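Structure record follows, encoded as structure tokens.
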Amino acid sequence: QVQLVESGGGLVQPGGSLILSCAASGSITGVNAMRWYRQAPGKERELVAGISGGGSTNYVDSVKGRFTISRDNAKNTVYLQMNNLKPEDTAVYYCNAEVSIATMWIYGRNYWGQGTQVTVSS
């Protein structure tokens, strides 16, 4: 019923910028927190940024001041604006959303995007 489709990944040089998008679709009656995770080769998945339903944001220390998470509730979409990218930002980025589908008695279930590769290299 729910699908999260990510876009915006790619190859950029250090110092460059990318914006990731993740759109949730389906018979959704509510979306609460939305988050971005990343996983680099040989490393555990890491929470990069999160945004609450009310717009409160949080970031892992390594991206503070460089990344901005935002959301468009009308489109059920979360964005991650990434500036001043560094090689250590290279990873597969996954979006996550807490989704409710009231007609199916589903409340606050986590759904995941398919992942999008971000590579920062000269």
Side-chain angles (χ1 to χ4, degrees):
Q1 281 289 320
V2 175
Q3 186 175 16
L4 273 58
V5 179
E6 301 180 31
S7 62
L11 173 65
V12 297
Q13 294 185 349
S17 297
L18 285 173
I19 183 167
L20 306 182
S21 299
C22 176
S25 62
S27 301
I28 298 170
T29 58
V31 180
N32 295 318
M34 306 184 82
R35 306 176 181 93
W36 287 98
Y37 291 79
R38 67 186 180 188
Q39 188 164 22
K43 297 184 178 180
E44 295 182 346
R45 186 176 60 185
E46 173 187 41
L47 175 62
V48 178
I51 184 167
S52 72
S56 179
T57 60
N58 60 275
Y59 303 90
V60 67
D61 286 344
S62 61
V63 309
K64 288 181 178 177
R66 300 189 297 120
F67 290 11
T68 302
I69 187 171
S70 61
R71 64 191 292 164
D72 184 339
N73 290 333
K75 298 180 179 180
N76 289 327
T77 299
V78 62
Y79 306 92
L80 186 67
Q81 176 68 56
M82 304 185 294
N83 298 322
N84 191 24
L85 284 160
K86 302 177 180 180
E88 52 263 42
D89 296 318
T90 296
V92 177
Y93 284 70
Y94 299 91
C95 68
N96 170 274
E98 297 176 5
V99 176
S100 296
I101 309 174
T103 56
M104 297 181 65
W105 301 98
I106 297 172
Y107 299 95
R109 180 175 295 178
N110 282 328
Y111 289 86
W112 292 88
Q114 81 280 9
T116 185
Q117 177 71 49
V118 172
T119 302
V120 185
S121 177
S122 59

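These figures come from a predicted structure and were not determined experimentally.
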Nearest-0.5 Å distance, [atom1] of residue [X] to [atom2] of residue [Y]:
X: Gln81; Y: Ser21; atom1: CD; atom2: OG; value: 9.5 Å
X: Arg109; Y: Glu98; atom1: CZ; atom2: CD; value: 12.5 Å
X: Ser70; Y: Leu80; atom1: OG; atom2: CG; value: 8.5 Å
X: Arg35; Y: Cys95; atom1: CZ; atom2: SG; value: 11.5 Å
X: Asn58; Y: Leu47; atom1: CG; atom2: CG; value: 6.0 Å
X: Tyr93; Y: Leu18; atom1: OH; atom2: CG; value: 9.0 Å

If I compare all heavy atoms of [X] with all of [Y], which pair ends up nearest, and what's the gap?
X: Asn83; Y: Ser17; result: OD1-OG, 2.9 Å
X: Ala24; Y: Leu4; result: CB-CD1, 3.8 Å
X: Ser100; Y: Gly108; result: OG-N, 3.0 Å
X: Val48; Y: Val63; result: O-CG2, 3.9 Å
X: Ser122; Y: Pro14; result: N-CD, 3.7 Å

Can you tell me if Thr116 uses its side chain to pair, donor with acceptor, with the backbone of Glu6 under 3.5 Å?
-> no
Donor-acceptor under 3.5 Å (Ser52 side chain, Gly54 main chain) = yes
Transitive ILVMFWY side-chain link [X] to [Y], under 4.5 Å:
X: Phe67; Y: Tyr79; result: no
X: Tyr111; Y: Met104; result: yes
X: Trp112; Y: Ile28; result: no
X: Tyr94; Y: Val120; result: no

Could you walk me through whether Thr90 and Gln117 pass side chain to side chain contact (heavy atoms under 4.5 Å, CB included), step by step?
-> CA-CA 8 Å; Thr90 296; Gln117 177 71 49; 4.0 Å; yes
Let me see the working for Leu20 and Arg38 under side chain to side chain contact (heavy atoms under 4.5 Å, CB included), right down to the final yes or no.
-> CA-CA 12 Å; Leu20 306 182; Arg38 67 186 180 188; over 6 Å; no
Look at Lys86 together with Asp89 and state whether they make a salt bridge at an N to O cut-off of under 4.0 Å.
-> no
Side-chain heavy-atom pair Val78, Ile69 within 4.5 angstrom cut-off | yes
When you look at Val31 and Arg71, which way does the side chain to side chain contact (heavy atoms under 4.5 Å, CB included) test go after all the steps?
-> CA-CA 11 Å; Val31 180; Arg71 64 191 292 164; 3.7 Å; yes
Tyr37 vs Val92, side chain to side chain contact (heavy atoms under 4.5 Å, CB included): CA-CA, chis, key distance, verdict | CA-CA 8 Å; Tyr37 291 79; Val92 177; over 6 Å; no
